[in-house]
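Here's the structure we're looking at; comments come further down.
Order of the sequence lines sets the chain letters (A, B, ...), proteins ahead of strands, with each chain counted from 1.
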Amino acid sequence: MTGPGSTLPAVDDTQLTTEPLSRSFYRRDPRAVAPELLNKVLVRGRRAGRIVEVEAYCGSIDPGSHAFRGRTNRNATMFGRPGLLYVYFTYGMHFCANAVCGEEGEGVAVLLRGLTPLRGLGQMRKLRPAARRDADLCSGPAKLCAAFGLGRAFDGADLVTGDRGVVIGDDGTPPPAQPVVTTRIGLAAGRGDEHPWRWYVAGAAGVSRARQLGLT
DNA sequence: ACCGGGATGTTCT
DNA sequence: GAACATCCCGGTG
């Protein structure tokens, strides 16, 4: 098995066939979509990475969600149609990417937090010079955006039609039968940090913080 | 391994 | 003016 610290297989030339997920896949509660996004594949051109860590953000019922206080210029895409990519800028230097879920106008989404790099690792390394190991190329929400070159220009991209060259596809790998579930990362106390809305693939390379919550 | 602090700028109070 | 869905580096044990 491939552990967080082990070497990734040399897959830069692996052939990979994926079918983009449908609009209806996203048109559901993000807490249902999130665990099913595990083991799907984010693809942009030659670059591809398997989704191994996600978090659900639940709009008006979720103080941790950007959409909690309603629509603003920044979060407008979150209120768009399901299947759009919501990219936001944070901490003065990072971008993070979400898949918009639910019905249009709901303001719910799934944050992509970690990927196992599959293909196009050379390009990722150029954009992530600080990454010491290949497993850390995409092991965080801002890291994966950097590795895939996802910035402002990709806010509102359609993951179903691939209008801007980014899709989430299915290569036939099923989601894990028993994903690890924990609370979400980086939320202040009382701002939705108590909800167990983070899911990741046990033992997968690219999980940002594998040992949260008493994992043995 | 685990912590602490700094970088950097947009958004909202 | 504070907060921020983060990351990296350099300290210490």
Inset, instruction - Mind calculating the distance between CD (A:E55) and C1' (C:dA5) to the nearest angstrom? - result: 7 Å
Legend entry - Linked hydrophobic residues, A:F68 as query - side chain contacts closer than 4.5 Å: none
Inset, instruction - Can you figure out which of B:dG9, C:dC4, B:dT13 approaches the side chain of A:Y91 most closely? - result: C:dC4
Inset, instruction - Quick one: the dot-bracket string of DNA chain B, using Watson-Crick and G-U wobble pairs with both distances under 3.5 Å, [ ] for crossing pairs and | for bases paired to another strand. - result: |||||||.||||.
Legend entry - 5' precedence on DNA chain C between A:R191 and A:A142 (nearest-nucleotide basis): A:R191
Legend entry - Distance below 4.0 Å between A:H94 side-chain N/O and C:dC7 OP1 or OP2: no
Legend entry - Reported CZ-to-CG distance for the pair A:R23 and A:L84, which is rounded to 0.5 angstrom: 6.5 Å
Inset, instruction - Look at all strands and tell whether A:G186 reaches a base, only sugar-phosphate, or nothing, counting heavy atoms closer than 4.0 Å. - result: sugar-phosphate
Inset, instruction - Look only at the side chain of A:E55 and the backbone of A:I185, and say whether a donor-acceptor pair between them is shorter than 3.5 Å. - result: yes
Inset, instruction - Among B:dA7, C:dA5, B:dT10, find the nucleotide with the atom closest to the side chain of A:L187. - result: C:dA5
Inset, instruction - Decide if atom CZ of A:R81 counts as having more than 12 heavy atoms of other residues, nucleotides or ligands within a radius under 6.0 Å. - result: no
Inset, instruction - Return the nearest nucleotide to the side chain of A:A188; candidates are C:dA5, C:dC4, C:dC7. - result: C:dC4
Inset, instruction - May I ask whether A:L112 and A:F148 are part of the same hydrophobic cluster, defined by side-chain heavy atoms of I, L, V, M, F, W, Y residues being less than 4.5 angstrom apart, directly or through others? - result: yes
Legend entry - Euclidean distance, A:R113 CZ relative to A:R209 CZ, rounded to 0.5 Å: 7.0 Å
Legend entry - Length of the line joining A:Y88:OH and C:dA3:P, which is rounded to integer Å: 18 Å
Inset, instruction - Any chance you could measure A:F25, atom CZ, to A:L159, atom CG, to the nearest 0.5 Å? - result: 11.0 Å
Inset, instruction - Specify the separation, in whole Å, of atom CZ of A:F95 and atom P of C:dA5. - result: 15 Å
Legend entry - Rounded distance [0.5 Å steps], CZ in A:R198 versus CG in A:L111: 10.5 Å
Inset, instruction - Look up atom CD in A:E103 and atom CZ in A:R27, then write down how far apart they are to the nearest 0.5 Å. - result: 5.5 Å
Inset, instruction - Can you figure out which of B:dA7, C:dA5, B:dT10 approaches the side chain of A:R152 most closely? - result: B:dT10
Legend entry - Separation of atom NE2 in A:H66 from atom P in B:dT10, rounded to whole Å: 15 Å
Legend entry - Separation of atom CD in A:E53 from atom P in C:dT6, rounded to whole Å: 10 Å
Inset, instruction - Provide, to the nearest angstrom, the distance between the CG atom belonging to A:L150 and the C1' atom belonging to C:dA5. - result: 16 Å
Inset, instruction - For the pair A:N39 (side chain) and A:T173 (backbone), establish whether a donor and an acceptor sit closer than 3.5 Å, ignoring hydrogens and angles. - result: no
Legend entry - Rounded interatomic separation in angstrom, taking CG from A:N98 and C1' from C:dA5: 8 Å
Inset, instruction - Starting at atom CG of A:L144, determine the distance to atom P of C:dA5, rounded to an integer number of angstrom. - result: 16 Å
Inset, instruction - Answer yes or no: does a side-chain N or O of A:T72 lie under 4.0 Å from OP1 or OP2 of B:dC12? - result: yes
Extract from the structure each pairing of a protein N or O with an N or O of nucleotides 8-10 of chain C at less than 3.5 Å, listing the distance.
unit_1, atom_1, unit_2, atom_2, d
C:dC8, OP1, A:R128, NH1, 2.5
C:dC8, OP1, A:R128, NH2, 3.3

